[in-house]
Structure formats: structure tokens, C-alpha cells
Enquirer: 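Handing you a structure now.
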Number of protein chains: 2
Amino acid sequence: MPFTSTGPLPGGGTRCEYCCHHSRCLTMGLEGEQLADFDALLERPRPLKRGEVLVHQGDQFGNLYAVRTGSLKQVQFQVGARDQVTHFYLPGELVGLDGIGSGECVGNVVALESTYVCELPFLQLEVLMKDSHTLQHRLFRCMGEELRDHQRMMCLLSGRTADQRMASFLLGMSERFRLRGYSPSRFFLSMSRGDIGSYLGLAIETVSRALGRFQMQKLISVEGRWVSLKDMESLTRMVAEDVGRHSGT
Amino acid sequence: MPFTSTGPLPGGGTRCEYCCHHSRCLTMGLEGEQLADFDALLERPRPLKRGEVLVHQGDQFGNLYAVRTGSLKQVQFQVGARDQVTHFYLPGELVGLDGIGSGECVGNVVALESTYVCELPFLQLEVLMKDSHTLQHRLFRCMGEELRDHQRMMCLLSGRTADQRMASFLLGMSERFRLRGYSPSRFFLSMSRGDIGSYLGLAIETVSRALGRFQMQKLISVEGRWVSLKDMESLTRMVAEDVGRHSGT
DNA sequence: CGAGCCATTGAGACCGGTCAAGTTGGGTGG
DNA sequence: CCACCCAACTTGACCGGTCTCAATGGCTCG
């Protein structure tokens, strides 16, 4: 097989420097030697097929993973409750940060489609951070962002209606696609309705009905897992709407 | 009242070395010169009175805070929805980690009683971490733990009944008190029912009724904000019980 | 002693979950 | 190419948990 000079090789070879996620990944801000060092410590395992498990719940924590192409979900198994989807990962995002605390992986991470990742051994990453203040700062930012996102999610889950959750989910996905250079108004959801429901704390039927309602109201159109956002303004307004849940505080 | 100081001096003066939270705080594992350096960079502002605001939502992020005595809540204001309590902080815990991501404080942090904190300028902390691998590792662990806790909370909010949420909350508080050397079976809740409801995504009346129900079932006894756990086993069982919410996944 | 907050309790309404049946679509084998 | 299957999704009917509204009592503070 001849050498190919650009883009990800089928075997997984590529260089951070040329990776289209460089400016959004952990490598953001890294240059020259530091970037080369970073590049040197990561592995690029063979791609995952749909349904394959990247990380098993309970495994000892050792690696972070950066998604290159494809997407994954994190699923947590719990005694006495249905499994719960706690995360969706898109290209450029970091898998496994939540394992740093306990040293144990908190859930299964499963590919939703054919997915390429980069494997980052955390111990080596820590060593690298001693010499690279940029990298250290960057990883702290990533974790801080995830904390903030989780808090948003908690607010969404505890105070908002089914329609608001769905609208917020769609807008969130739209924004994430936009940031990655994909269309924010028409995209493919690689996860099932069941996954979405689990993630949003809704029954699968409620997800389906909400989508149906949105379509009737001409806010979106749905064909299977393809979604087009027709009226993002109304969706945004819907999320912010006061429905007066809780008498708290 | 709990958390009245045995170790830290009322005036705020103390040393990390002698602080009763040393082994649980960011300083865990630090010794000798490193601990002294850490000690040197932190401020010990005057104590907060009940209701006083330590951090304002939207403020530029600059400091972390370690709680020495007392307790606080984090409240997020949101357009079109009621304010939401997203955190309770007890002695030895770290306030402000979620600001690291965006550089902006995500919510108000308000004292629930007279509260002493240590102020840790994050920039200086980052500098210190260049020389102290221990400190760096420790801060990563703290953030990882918070991530994991948030995920637990998301699972709680999205898949469990009011009773299960209350039981989980009580057990969680109990455990946190136990770790700090207080009684795990009888403790004072410094937050109002409204705060609890907001935190758990429940109406205030639902919180009240759940507590009443638990008391009738002899699982706990309640006198105002004092709570005694009578039957932690049943409470634990209740949390794990499958109530069959969601048909997802 | 009244004002205001906090907590409790009751009555009724409604959102969303469960159960059940039906539809669609992709994959497989004859 | 069609028949069949299974998983994913949709739709309808019903029910229950939790929210809202409202009234009450206790406590603190001015």
C-alpha cells in the first residue's frame, strides 16, 4: 500500500498538525515541538464499528479518547433502574474525563456508527503537562466546560417540560454541528429515539410525540433520523419560556 | 449548629497544616515547602453572614474557594425559568470549579449560615502546579469527582421518583457529614425546603410530603431542619428500587 | 402585635409514563 | 424478486405521580 500524504489514512495514521479538529481538540494552542510531543504519545487504534464498546464501565481509568470521526454514547448501568445515556460524543470531543476522579470508568462508551478515535494515555499526558503550561490550561478548560454543560443539563432535567427538553436538545446538536462545519439546520442524528429519551429523562414515546408535534407546528421536519430545523427562533423561544414548574426558592 | 469551629480560629487565621480539612482539601498530599507555598497564596477573607453572596453569576472567574466552616448553595438564574439551586457546599469542598471552563461564574454562591472560606487565586494556583505534580494531580481529581457527582445527579433527576430523590439526598448528606466527622444519622440541614426542592427538581410541597411520608414510615424523624435517619437500610433500598420509569434503551 | 417567611396539608388538574397495537424499513433467505 | 422478520418508530387510550393553587399555623423580627 503506497503512502498517502494527507488526511486520515485508513489504518488510522494522521498527524495532529493536519487534523481538522486541531483547533478544537486538546491540542488547541500547541505548536511545534509541543505538538509533536503530543502527537507522539497518542495511539490511533483501529476504528470502532457501530455498537462496539470503547470503554467498559468499571474498567480502571487510564486513557482519554479524542473523537476523530463518528460518534459515541456513554451509558451507565445502575442497579434497580434502566440503563441511562449520560453523554453523546461528537468529533473533536474528549471521552473519559469523568474517570479521572475515581480512577474508574463511570459507564460504557459505545460507538453509534463507524468511529475513529485517538487514544491519550493520561499518565503520559500529565508528564507532558509539566512542560506545557498551555496543555495544562487547556485540559482544565475542557473539564470546566464539561462541568458547566452538566449543570445546564441538570437544570434542563429538573425544571423543564418534555417539549423544552427536546427543543433544547435539537438546538444543542445544531450548535455542535455548526461548530464542526456541518449544517446547523439539517443533520443526521446517529442515536436512536430510545437513546435520546434516556438522555433527556423522557419515555421513548414522549420523544416521538414531541418530534411529531414540532413537525406539525412547522418548527422542524423529520425523516427518520434526519432532522431539519425550520424555525430555530421559535425553538429558542420555547426553551426560554416560563412554564412555571416548581414553586421552589 | 454544626460546623462551629474547633480547628480554624474565628478571626480567620489558621494554617493549612493545622486545618482539620487538610486531608480532604486541595492540599491533600502536600507537605513541607509545597504546603507552605500553598498556604502563602491563599486569602482568608472575613466570614460571610447567612445570605451573603460569595460569588456573583456572570462575574469573571478568578478564584476558587475552599469552605472552612459553614455551608453555601449555588443558584443559577435563568431567563424564563425559576432560579435553580445546583450545588450545596460543605466544609472541605471546593467552590468555583465550573467557572474554569468559560472564565465566567455560572451562578451565585450564597452562604446558608455563617461561613468561613479560603480564597485561592486560580492563576497563582496554576503557577504552583507547574512545580507540584501532586497539586496538579489533586486538582484534576477534584474536578473528575465533581464530574462524576454531576452524572449521578443527572441520573437521579431524569429517572427517579420524588421519594427516591429525597432518600438519595438524605443519604448523600449523611455520607458527607460522616466523612467530616459528624453524625451520619442525625444532622442539621442548613438549606430551606425550597432549596432542596429546587436542587432535586421537585416542588416544595412534594419535598414536604416526602419527608412526612418517610416519618410516617419510621424511616426518619424530622424536627424542622433537624433530621434523624432511623432506617438507612430501607432508604438505601428505596433508592435502588426499580419503579420502571422510561421505556428507553 | 402585625408582617413576612417557612413549612405543612388538602383538593384538583395535567403532564408524561405505561401498556398495547399498528406502521415502517432494512436485512435475510428462499 | 418477494416473503418474512425484527427492530425502530409512531400513535392512541388510560392512569398515576407530581405540580399548582389555596388555606393554615408556627416562627422570627421589627
Side-chain angles (χ1 to χ4, degrees), chain A residues 49-51 73 81-82 84-85 112-113 156-167 188-216 220-227 238 241-249, chain B residues 1 49-51 73 81-82 84-85 110 112-113 156-167 188-216 220-227 238 241-249:
Chain A
K49 285 199 289 278
R50 177 187 152 84
K73 64 175 172 182
R82 299 236 168 72
Q84 178 144 353
V85 174
L112 292 168
E113 56 193 314
L156 196 71
L157 288 174
S158 72
R160 330 242 53 170
T161 65
D163 281 6
Q164 289 181 313
R165 294 183 207 188
M166 269 311 300
F188 182 81
L189 295 173
S190 55
M191 68 293 287
S192 71
R193 301 286 195 269
D195 290 334
I196 298 175
S198 174
Y199 180 64
L200 294 176
L202 299 172
I204 188 175
E205 296 93 333
T206 307
V207 171
S208 189
R209 273 187 263 265
L211 288 175
R213 235 173 353 248
F214 289 178
Q215 189 159 16
M216 268 183 36
I220 66 174
S221 78
V222 187
E223 315 127 52
R225 295 188 177 182
W226 279 99
V227 178
M238 177 185 298
E241 218 157 71
D242 190 355
V243 288
R245 294 190 29 124
H246 309 321
S247 38
T249 303
Chain B
M1 287 275 169
K49 286 199 289 279
R50 178 186 152 82
K73 64 175 173 181
R82 298 235 170 73
Q84 179 144 351
V85 175
V110 185
L112 291 168
E113 55 192 315
L156 196 71
L157 288 174
S158 73
R160 329 241 57 168
T161 65
D163 282 5
Q164 290 181 313
R165 294 183 208 188
M166 269 312 300
F188 182 82
L189 295 174
S190 54
M191 68 292 288
S192 71
R193 301 286 193 270
D195 289 335
I196 298 175
S198 174
Y199 180 64
L200 294 175
L202 299 172
I204 188 174
E205 297 91 335
T206 308
V207 170
S208 190
R209 274 187 261 264
L211 289 174
R213 229 167 3 243
F214 288 178
Q215 188 158 14
M216 268 183 37
I220 67 174
S221 77
V222 187
E223 315 127 50
R225 295 188 177 183
W226 280 99
V227 178
M238 178 186 297
E241 218 155 70
D242 191 355
V243 288
R245 295 186 33 122
H246 308 322
S247 38
T249 303

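We name chains A, B, ... by the order of the sequence lines, and we start the count at 1 in each one.
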Enquirer: For the atom pair NZ (B:Lys73) and OH (B:Tyr199), what is the distance rounded to the nearest 0.5 Å?
Expert: 13.5 Å
Enquirer: Output one line per pair: protein atom, nucleotide atom from nucleotides 23-28 of chain D, and distance, for all N/O pairs under 3.5 Å.
Expert:
none

Enquirer: Of all residues at least two apart in sequence or in a different chain, which pass the side chain to side chain contact (heavy atoms under 4.5 Å, CB included) check with B:Val227?
Expert: B:Leu170, B:Phe187, B:Leu189, B:Leu229
Enquirer: What N/O pairs connect the protein and nucleotides 11-13 of chain D at under 3.5 Å? Give each pair on its own line.
Expert:
residue: D:dG12; atom: N7; partner: A:Arg209; partner atom: NH1; Å: 2.8
residue: D:dG12; atom: O6; partner: A:Arg209; partner atom: NH2; Å: 3.3

Enquirer: To the nearest 0.5 angstrom, please state how far the CZ atom of A:Arg193 sits from the CG atom of A:Leu202.
Expert: 13.0 Å
Enquirer: Looking at D:dC19, D:dC9, C:dA7, which one has an atom nearest to any side-chain atom of B:Ala203?
Expert: D:dC19
Enquirer: Would you kindly give the CG-to-P distance between B:Leu202 and C:dA7, to the nearest whole Å?
Expert: 15 Å
Enquirer: Given 3.5 Å as the limit, does a donor-acceptor pair link the side chain of B:Ser198 with the main chain of B:Val85, or not?
Expert: yes
Enquirer: From CD of B:Gln215 over to P of C:dA7, roughly how many Å is that when rounded to an integer?
Expert: 15 Å
Enquirer: Sequence neighbours left out, what passes side chain to side chain donor-acceptor pair (under 3.5 Å) with B:Gln215? Give chain and number order.
Expert: none
Enquirer: I need the CZ-P distance between A:Arg193 and C:dT23, as an integer number of Å.
Expert: 19 Å
Enquirer: In this structure, how many angstroms lie between the C1' atom of D:dA7 and the CZ atom of A:Arg50, rounded?
Expert: 10 Å
Enquirer: Return the set of residues passing side chain to side chain contact (heavy atoms under 4.5 Å, CB included) with B:Arg50 (not counting sequence neighbours), or none when no residue passes.
Expert: B:Arg225
Enquirer: Rounded to the nearest angstrom, tell me the gap between atom CG in A:Asp195 and atom C1' in D:dC9.
Expert: 13 Å
Enquirer: Atom CG of A:Asp163 and atom P of C:dG17: how far apart are they, to the nearest Å?
Expert: 12 Å
Enquirer: Tell me every residue that passes side chain to side chain contact (heavy atoms under 4.5 Å, CB included) with B:Ala167, counting only those two or more places apart in sequence or in another chain.
Expert: B:Phe214, B:Leu235, B:Met238, B:Val239
Enquirer: Do the side chain of A:Arg165 and the main chain of A:Gly197 share a donor and acceptor less than 3.5 angstrom apart?
Expert: no
Enquirer: Measure the distance from CZ on A:Arg213 to C1' on D:dT10 and round it to the nearest whole Å.
Expert: 13 Å
Enquirer: Mind checking what makes side chain to side chain contact (heavy atoms under 4.5 Å, CB included) contact with A:Ser208, not counting sequence neighbours?
Expert: none
Enquirer: Can you check the A:Met166 CE to C:dG17 P distance for me, whole Å?
Expert: 13 Å
Enquirer: Ignoring backbone atoms, test whether A:Arg225 places a side-chain nitrogen or oxygen under 4.0 Å from the OP1 or OP2 oxygen of D:dC9.
Expert: yes
